[in-house]
Amino acid sequence: MHSLILRDARLVPVDSAAPTEPVDVLVEGGRVVEVGPTLHRPEGVEEVRADGRWLIPGLWDQHVHLAQWTLTSGRLDLAAARSPEDALQEVRVRVAEYPDLPVIGWGHRSAGWEREVTVSELDAVSGETPVVLISGDGHHAWLNTVALLHLAMPVRDSVVREAEWFAAYSRLSSLVGNDGTSSEAYRRTLDHAASMGVVGLVDFEFSGGVPEWQEKWAEGCDLLRIRMATYAEGLDDVLGRGLRTGDPIIPGDDRLTMGPLKIISDGSLNTRTAWCCEPYGDAYKLEYPSGQPNLSGAELRELLRIAHTSGLEVATHAIGDAAVAEALASYADTGARGSIEHAQMVNRGDVKEMARLGIRASVQPAHLLDDRDLTERIWGERSARCFAFRWMLDDGVELVLGSDAPVSPLDPWLAMAAAVHRSGDEREAWHGEHALTPLEVLRASVDGAGTVGVGSLADLALLDHAPLQAADSPADAAAHLRQVTVSGTWVAGRHVHSDL
């Protein structure tokens with residue numbers, strides 16, 4: 001365990017009052033053991049001068065797809081594509097430049113396009129170069145015929161959606177190799193997260209599970225705290241190892257632990273597969289006018305039952321209001337514990353039920369910046385029940401924040417700012433009645449930790465700016481949060497980032 005003493009740090013009052021003047025903070029054995037002015041420095045203990053900077057518990061991103069986020073920098077960015085023609089032109093240019101390399105695109109949002117796309121038009125601009133264009137929500141992909149054949153999928157003239165795509169994603173490495181998800185690439189991603197004050201991630205990647213994380217940990221990816229989720233496909237392996245949520249994956253190291261069972265119970269807004277109580281605004285174009293569940297009620301409950309009896313929490317992806325209601329009913333029927341991931345559109349009664357059951361709401365505020373216009377168009381007045389953070393806090397739901405990277409950037413300050421202002425441009429806040437305060441979003445970003453004090457985990461972030469600075473408006477408060485910089489980050493007392 002690492003020991004250090006931080007001199008002259010200002011403690012940010014997260015859940016309780018803090019001294020108004022700078023103090024010293026002594027860390028030993030992975031915990032804060034003493035706080036006060038002019039503390040004695042034990043022999044051999046590292047000294048760090050905070051010089052009046054602000055100290056908070058380290059930040060967590062509660063929903064990351066780490067391999068996909070790591071790969072994003074090397075992918076063809078299609079976030080700006082406003083039509084199929086825009087995307088096709090980008091592919092045409094990339095294939096002309098690098099005809100021998102597969103094209104993996106990311107970020108297009110076809111829900112805003114005027115027509116459906118076809119495989120044949122992608123074939124026309126790509127020839128024999130494999131092309132896989134992954135939607136910005138991660139729930140479907142537009143592949144050309146060469147890529148379909150390479151990934152052992154039936155040839156068709158439409159996109160690949162939901163469960164079929166999730167199953168195929170794990171085979172992408174056979175097409176592009178593993179260079180983008182090497183341990184070195186992971187380490188760069190983790191280094192960048194640490195530079196933003198992040199000390200922990202919940203990894204929801206479709207990965208190689210325990211053996212893969214053990215290998216990466218041994219190869220230098222032991223920087224932050226990681227909770228590794230599993231999907232149903234990896235559940236037998238996890239249960240065979242006797243792992244329960246919270247158990248260390250590396251014996252004796254509590255930084256890499258078993259997380260929840262992840263269940264994707266419905267689809268997404270962009271793909272029009274989120275399961276809703278009422279039809280979409282453009283339901284006439286859809287095979288399933290209200291979206292649909294990915295599992296039957298019986299299948300969902302069986303997975304929750306197995307997880308619960310095996311000591312695993314459950315993280316249930318539910319975006320539409322019907323999916324949220326069914327997930328909560330399944331938690332109630334089985335006694336399982338855990339979270340609703342996303343909870344994008346909810347009914348007030350279901351929020352109250354979430355609180356009654358003690359189910360966390362794990363939400364990604366930056367999504368509202370991307371989904372605002374589409375939501376208004378296809379969910380209409382139901383947008384008043386979207387990203388309903390105020391209801392959640394007022395009704396006593398435990399709220400935790402994340403990014404869903406790469407759907408949104410792995411940036412906790414962006415997530416906090418989005419929840420405070422609820423606008424990413426010059427427009428007024430979108431349903432500002434659900435906006436949160438800077439203190440509330442900070443509390444939702446530190447994994448339940450309180451004001452740094454004696455007994456706190458030595459997972460710390462030292463900020464160059466006061467995060468709770470008074471502001472004239474939510475817009476100003478959000479702008480301030482986006483500008484916060486981090487001069488030091490520690491995990492279990494170990495320095496994992498420093499700009500001091």
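Reckoned from all heavy atoms, side chains included, excluding hydrogens, waters and symmetry mates.
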Checklist line | Side-chain touch W490/V27, heavy atoms, less than 4.5 angstrom | finding: no
Margin query: Taking salt bridge (Lys or Arg N to Asp or Glu O under 4.0 Å) as the cut-off, I'd like each qualifying pair that reaches into residues 135-152, sequence neighbours left out, listed once.
Written below: none
Margin query: Can you see whether T316 engages S265 through a side-chain donor-acceptor pair at a distance of less than 3.5 angstrom?
Written below: no
Next item on the list: Search all heavy atoms of L374 against all heavy atoms of N270 and return the closest pair with its distance.
Entry: CD2-CA, 4.0 Å
Next item on the list: Applying side chain to side chain donor-acceptor pair (under 3.5 Å), name anything that partners S339, two or more places apart in sequence or on another chain.
Entry: E341
Next item on the list: Using the test side-chain contact (heavy atoms from CB on, under 4.5 Å), find all partners of P279 that sit at least two apart in sequence or belong to another chain.
Entry: A283, P289, S290
Check: If we ignore angles and hydrogens, is there a donor and acceptor under 3.5 Å between the side chains of Q62 and D447?
Finding: yes
Note to self: Donor-acceptor pair, distance only, cut-off 3.5 Å: does the side chain of N347 make one with the backbone of D350?
What the structure shows: no
Next item on the list: Decide side-chain contact (heavy atoms from CB on, under 4.5 Å) for L462 and V486; before the verdict, give the C-alpha distance in whole Å, the side-chain angles of both, and the deciding distance to 0.1 Å.
Entry: CA-CA 6 Å; L462 191 63; V486 178; 5.9 Å; no
Checklist line | Qualifying salt bridge (Lys or Arg N to Asp or Glu O under 4.0 Å) pairs with a residue from residues 353-363, counting only residues at least two apart or across chains | finding: E313-R360, E353-R356
Note to self: For a quick test of reading the model, state the closest non-hydrogen atom pair linking E326 to R301 and the distance between them.
What the structure shows: OE2-NH1, 2.6 Å
Check: Can you check side-chain hydrogen bond (donor to acceptor under 3.5 Å, both in side chains) on T273 and T271, steps first, answer last?
Finding: CA-CA 5 Å; T273 47; T271 309; 4.6 Å; no
Next item on the list: Could you walk me through whether V160 and L148 pass side-chain contact (heavy atoms from CB on, under 4.5 Å), step by step?
Entry: CA-CA 9 Å; V160 181; L148 286 167; 3.9 Å; yes
Checklist line | By salt bridge (Lys or Arg N to Asp or Glu O under 4.0 Å) - contacts of E278 (at least two apart) | finding: none
Notebook entry, point to check: Is the shortest heavy-atom distance from the side chain of V441 to the side chain of L401 under 4.5 Å?
Noted result: yes
Note to self: Working to the nearest 0.5 angstrom, can you tell me the gap between R241 CZ and T230 OG1?
What the structure shows: 10.5 Å
Margin query: As an exercise, state the distance from CG of D247 to CG of D254, rounded to the nearest 0.5 Å.
Written below: 12.0 Å
Notebook entry, point to check: Does the pair I306 and L261 meet the rule for a side-chain contact (heavy atoms from CB on, under 4.5 Å), with working shown?
Noted result: CA-CA 10 Å; I306 293 171; L261 168 67; over 6 Å; no
Margin query: Just checking H63 against F204, ring centres under 6.0 Å apart?
Written below: yes
Next item on the list: Output all residues satisfying salt bridge (Lys or Arg N to Asp or Glu O under 4.0 Å) with E121, sequence neighbours left out; order by chain, then residue number.
Entry: R115
Check: What is the ring orientation for W113 with H108, classed by angle as parallel under 30°, tilted 30 to 60°, or perpendicular over 60°?
Finding: parallel
Margin query: Are the side chains of V397 and L399 in contact, using a 4.5 Å heavy-atom criterion?
Written below: no
Next item on the list: Please tell me if the side chains of L143 and V119 come closer than 4.5 Å, counting only heavy atoms from C-beta onward.
Entry: no
Item checked: Full working for side-chain hydrogen bond (donor to acceptor under 3.5 Å, both in side chains) between D321 and Q344 -> CA-CA 8 Å; D321 51 1; Q344 189 160 331; over 6 Å; no
Check: For the residue pair T245 and P260, what are the closest heavy atoms and their distance?
Finding: OG1-CA, 4.2 Å
Next item on the list: Salt-bridge test for R390 and E440: reply yes if a basic N is under 4.0 Å from a carboxylate O, no otherwise.
Entry: yes
Notebook entry, point to check: Would you call R255 and D222 a side-chain contact if the rule is heavy atoms closer than 4.5 Å?
Noted result: yes
Note to self: Can you see whether W275 engages N294 through a side-chain donor-acceptor pair at a distance of less than 3.5 angstrom?
What the structure shows: no
Check: So, do H140 and W165 have ring centers that fall under 6.0 Å from each other?
Finding: no
Item checked: From CD1 (I226) to CG (D203), nearest 0.5 Å -> 6.5 Å
Next item on the list: Could you tell me whether the side chains of R227 and T257 share a donor-acceptor contact shorter than 3.5 Å?
Entry: no
Next item on the list: Inspect the contact between D395 and R348 and indicate whether a charged nitrogen and a carboxylate oxygen are less than 4.0 angstrom apart.
Entry: yes
Checklist line | Qualifying residues under side chain to side chain donor-acceptor pair (under 3.5 Å), relative to Q214, sequence neighbours excluded | finding: none
Next item on the list: Is it possible for you to check whether K262 lies under 6.0 Å from the centre of the six-membered ring of Y231, through NZ or CZ, and within 45° of that ring's axis?
Entry: no
Checklist line | H317 ring center near H342 ring center (under 6.0 Å) | finding: yes
Margin query: Could you report the tightest heavy-atom contact between M392 and V351, atom names first, then the distance?
Written below: CA-CG1, 3.8 Å
Margin query: Going by side chain to side chain donor-acceptor pair (under 3.5 Å), name the residues that satisfy it together with S408, two or more places apart in sequence or in a different chain.
Written below: H367
Checklist line | Test side-chain contact (heavy atoms from CB on, under 4.5 Å) applied to I104 - qualifying residues, sequence neighbours left out | finding: R75, V132, I134, L172, L175, V176
Notebook entry, point to check: Do any pairs count as a salt bridge (Lys or Arg N to Asp or Glu O under 4.0 Å) and have a residue in residues 139-168, sequence neighbours left out, and if so which ones?
Noted result: E116-R161, R156-E164
Next item on the list: For R372, enumerate each residue passing the salt bridge (Lys or Arg N to Asp or Glu O under 4.0 Å) test, keeping only those at least two apart in sequence or located in another chain.
Entry: none
Check: Taking all non-hydrogen atoms of both residues, which atom of G455 and which atom of R31 are closest, and how far apart?
Finding: O-NH1, 2.8 Å
Checklist line | Spatial distance of atom CG (L190) from atom OG (S183) [nearest 0.5 Å] | finding: 10.0 Å
Item checked: Pair R443-D15, salt bridge (charged side-chain N to carboxylate O under 4.0 Å, His left out): steps then yes or no -> CA-CA 7 Å; R443 286 173 173 166; D15 69 340; over 6 Å; no
Note to self: Taking the side chain as everything from C-beta on, heavy atoms only, tell me whether Q364 gets closer than 4.5 Å to S403.
What the structure shows: no
Notebook entry, point to check: W391 ring centre to R385 NZ or CZ under 6.0 Å, with the angle to the axis within 45°?
Noted result: no
Next item on the list: Locate the shortest heavy-atom distance separating W142 from A87; write the atom from each residue and the value.
Entry: CZ3-CB, 4.1 Å
Next item on the list: Give, for atom OG of S110 and atom CG of L133, the distance between the pair rounded to the nearest 0.5 Å.
Entry: 10.5 Å
Checklist line | Distance (rounded to the nearest 0.5 Å) between Y288 OH and Y280 OH | finding: 13.5 Å
Check: Can you find a pair of side-chain heavy atoms, one from H139 and one from F166, that are under 4.5 Å apart?
Finding: yes
Next item on the list: For R382 and T375, run side-chain contact (heavy atoms from CB on, under 4.5 Å): C-alpha distance rounded to whole Å, both residues' side-chain angles, the deciding distance at 0.1 Å, then the answer.
Entry: CA-CA 8 Å; R382 287 174 282 179; T375 300; over 6 Å; no
Note to self: Any non-hydrogen side-chain atom of V131 less than 4.5 Å from a side-chain atom of V146?
What the structure shows: no
Checklist line | Within residues 450-460 or reaching into it, pairs that qualify as salt bridge (Lys or Arg N to Asp or Glu O under 4.0 Å) - sequence neighbours excluded | finding: R225-D459
